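These numbers were taken from a predicted model, which means no experiment stands behind them. Proteins come first, then strands; the chains are lettered A, B, ... in the order of their sequence lines, and each starts at number 1.
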Amino acid sequence: MRIHEFQAKHLLARYGLTAPEGSVAITAREAGEIAQRLGGPVVVKAQIHAGGRARAGGIRRAETAAAAQAAAGERFGKTLVTAQTGPAGQVVRRVLVERALPTRRELHLALLVDSTSGEVMLIGSERGGADIEEQAARGELHIRELRLGTGNEARVQDVAEFVATLGLEGTLHQQGCALVDGLRRAFVELDASLIEINPLAITEDGRLVALDAKMTLDDNALFRHPELAALRDEDDTSAAELQAQRHQLNYVQLDGDIGMVANGAGLGLATLDMVVAAKGRPANFMDIRTTAKSLDIAHGFGLLLDNPATRAILINVHGGGMQACDTIAEGLGIALRRTGRSLPLVVRLAGNNADFGRSRLQNFGCAVIDCPDMWTAATKAVALAQRGA
Amino acid sequence: MAVFLNRETRVLCQGMTGWAGTYHVARMMEYGTQVVGGVTPGKGGRSHLNLPVYERVAEARRETGANASIVFVPPANAAAAMIEAIEAEMPLVVTVTERVPTLDMVRVRAALKGGRTTLVGANSQGILVPGVGKLGVMATGSERPGGVGIISRSASLTSEVVAQVTAAGLGQSTTIGVGGDPIHGIGMRECLEFLLDDADTEGVVLIGEIGGTEEEEVAEYLAGTPASKPVVALIVGREAPLERRMGHAGALTLRGKGDAAGKIKALEAAGVRVAASAHLVGETIRQALAERG
């Protein structure tokens, strides 16, 4: 679960992170008032769940309160498209107004879980800022790494050496060590998947201040952090994706015309690839989790039938030990009885209870195009979608 | 002898008295797997599926001589169950449980260090040795004994590939699901080493997907140590929008790595034959084995 910059800064303040003084506004007037109260130049920052905001004009400096109000006014309700939002972008509903601080240098600092070592890892570099990915791609950035094991404790000496490699000395070095220790505790205690401070600035007056903070929390650990679950902002998640989550489905809206369902993420990705290879355009990605019941699955098919762009539906199921074909067939049958829409249904059922699944579809009176293998099914669905175009 | 599982394997089930444990242990026993007992704290001393239930893994291991464990314990307690099995020096642990918190798996990985346990999973469909036994939740019926070893991150794709391999006139030596989560026990590279060393395995199919770096690690290994047997790979997710997460937590692309094109390029450079599409895996391994003679 991604949380917003202002939420991350607020959470991490408890662990010793310093951010510029500021506050969140939901109207332009409020943004102006915050700027007025802060006095002097401010930064107005769009709060969306994606990076790349500076490049896309989502972060503006304003010299006066009136300019801050105007900058916020131009942002509210508008869609911001950055390199990380995808082409649809995200609507700006909040801005963070912060005091603009004169800085001497910007660094990068992050904590994540390294899948190779299976350990919590601290990474950092002497330079930070908006173009850090490009710098890294060009090999101009020296990224330092320090493995922290389970993150429950860190060797003081290792952290001190790591912080020194970021070019921090004297009192800045002390601040850096304290910050790393605080972020490490936050990472473990809050079950984070990512904490990224970029840029972490050295201010003119010699303080380490987080100009930005990104944080992702582990969805699978939210059961032990009910207070963090309340930070979820679903504004940027489509209604269809939210409904899918509630019904044990993974659903991602795409922009094509072939509604697609598979059991399991791997088979779903394979189906997506085959549809594109057959020169078709998927309308969505949907995978049925092993925990989904037939009524959940019916909701999933409902999402595909409700998408006006869908011209054909492709169902690729290889029944396993946890999710058999008949359950999925039943879900389809229920969804078809609920809808008034009639679309070509291309079905490929194999594996556990495939024959039972086919007979369930017959019993429901579903007119389906039954295919023996998944490539035949993919090409058939593509042909039917094109005919319907 | 197949990898990890043979007729002498004596299996303990942690979380056997729950719905999933009950159902799948019954299926495993039907398949011929030797299940010798279960562990459910609070239910020790009872009998379930005509098997003894114990309070603790160490006690169960002592009493039954179990040398493998399968874990169905729900996510909140799954890590504790795995760590208990590791502390009881269980040689093999397979965890089926989905949605285990990532930092819990980090703690499990730390517990594995220096120990005697091989962990498969979490979020794994398990291990299948056709005709011998299954330590997992996969459906059976399409498999048959043979020489193709399969390593996978996805349960449903494994079933598909097993069926394709059988349809191509071949069979499987061992199928292993390493699990769909970013942090798990045994990785693809280690599984590959086991299968390349296994006398029953003539060729290997690797089923990978976008996200993570395991396929790249396999490529790096094979670049240094060329495989003695044909290795075929399928990488799915070529057409997935990179910024979106699709089902598997492991498919989260971070630090600029993990796209399908990069994995395919690395594997091909290391001598792996990459199947052009998911429906061609059976045919690709058949050809690779036929060319080898």
Which atoms form the tightest heavy-atom contact between A:Leu269 and B:Gly237, and what is the distance? CB-N, 3.8 Å
Part of B:His24 within contact of chain A (heavy atom distance under 4.5 Å): side chain
Turns out that what part of B:Ile235 lies under 4.5 Å from chain A's heavy atoms comes down to backbone
In terms of heavy-atom contacts, A:Thr150 and B:Val106 come closest through CA-CG1, 3.7 Å
Contact part of A:Asp218 toward chain B, heavy-atom cut-off under 4.5 Å: side chain, backbone, both or neither? side chain
Within 6.0 angstrom of A:Asn152 CG, more than 12 heavy atoms from elsewhere: yes
CG-CG distance between A:Asp191 and B:Asp104, expressed to the nearest 0.5 angstrom: 7.0 Å
Kindly compute the distance separating CG (B:Leu157) from OG1 (A:Thr271), expressed to the nearest 0.5 Å. 8.0 Å
Honestly, the part of A:Ala270 sitting under 4.5 Å from a heavy atom of chain B is both
Heavy-atom pair of closest approach, residues A:Gly266 and B:Glu209: CA-OE1, 4.0 Å
Would you mind reporting whether A:Asn220 and B:Met105 have side-chain heavy atoms less than 4.5 Å apart? no
Taking side chain as everything from C-beta outward and backbone as N, CA, C, O, which of these in A:Val188 sits under 4.5 Å from a heavy atom of chain B? Side chain, backbone, both or neither. both
Considering non-hydrogen atoms only, spot the tightest contact between B:Ser277 and A:Met274 and give its length. OG-CG, 3.4 Å
Considering non-hydrogen atoms only, spot the tightest contact between A:Leu272 and B:Ala240 and give its length. CD2-CA, 4.0 Å
Part of A:Met374 within contact of chain B (heavy atom distance under 4.5 Å): side chain
Side chains of A:Val113 and B:Leu103: does their closest heavy-atom pair fall under 4.5 Å? yes
Considering only heavy atoms, which portion of B:Ala276 lies under 4.5 Å from any heavy atom of chain A: side chain, backbone, both, or neither? neither
So for B:Gln125, is it side chain, backbone, both, or neither that comes closer than 4.5 Å to the heavy atoms of chain A? neither
Taking everything shown except A:Glu189 itself, do over 12 heavy atoms lie less than 6.0 Å from its CD? yes
At a heavy-atom separation under 4.5 Å, does B:Gln164 approach chain A through its side chain, its backbone, both, or neither? side chain
Which atoms of B:Ser159 are under 4.5 Å from chain A, going by heavy atoms: the side chain, the backbone, both sets, or neither? both
Tell me which of these, B:Glu214, B:Lys113, B:Met138, B:Arg109, has more heavy-atom pairs under 4.5 Å with chain A than the rest. B:Arg109
Heavy-atom contact with chain A under 4.5 Å, split by part of B:Val96: side chain
What distance do A:Asp373 atom CG and B:Glu160 atom CD have between them, rounded to the nearest 0.5 Å? 8.5 Å
Check whether A:Ala324 gets within reach of chain B through its side chain, its backbone, both or neither, counting any heavy atom under 4.5 Å. neither
Closest heavy-atom pair, A:Gly264 versus B:Ser156, reported as atoms and distance to 0.1 Å, is CA-OG, 3.6 Å
Segment of A:Ser117 engaging chain B (4.5 angstrom heavy-atom cut-off): backbone
Return yes when atom CD of B:Glu268 has more than 12 non-hydrogen atoms of other residues, nucleotides or ligands closer than 6.0 Å, and no otherwise. yes
For residues B:Pro101 and A:Arg224, determine if any side-chain heavy atom of one lies less than 4.5 Å from a side-chain heavy atom of the other. yes
Find the one option among B:Val108, B:Val100, B:Thr140 whose heavy-atom pairs under 4.5 Å with chain A are most numerous. B:Val100
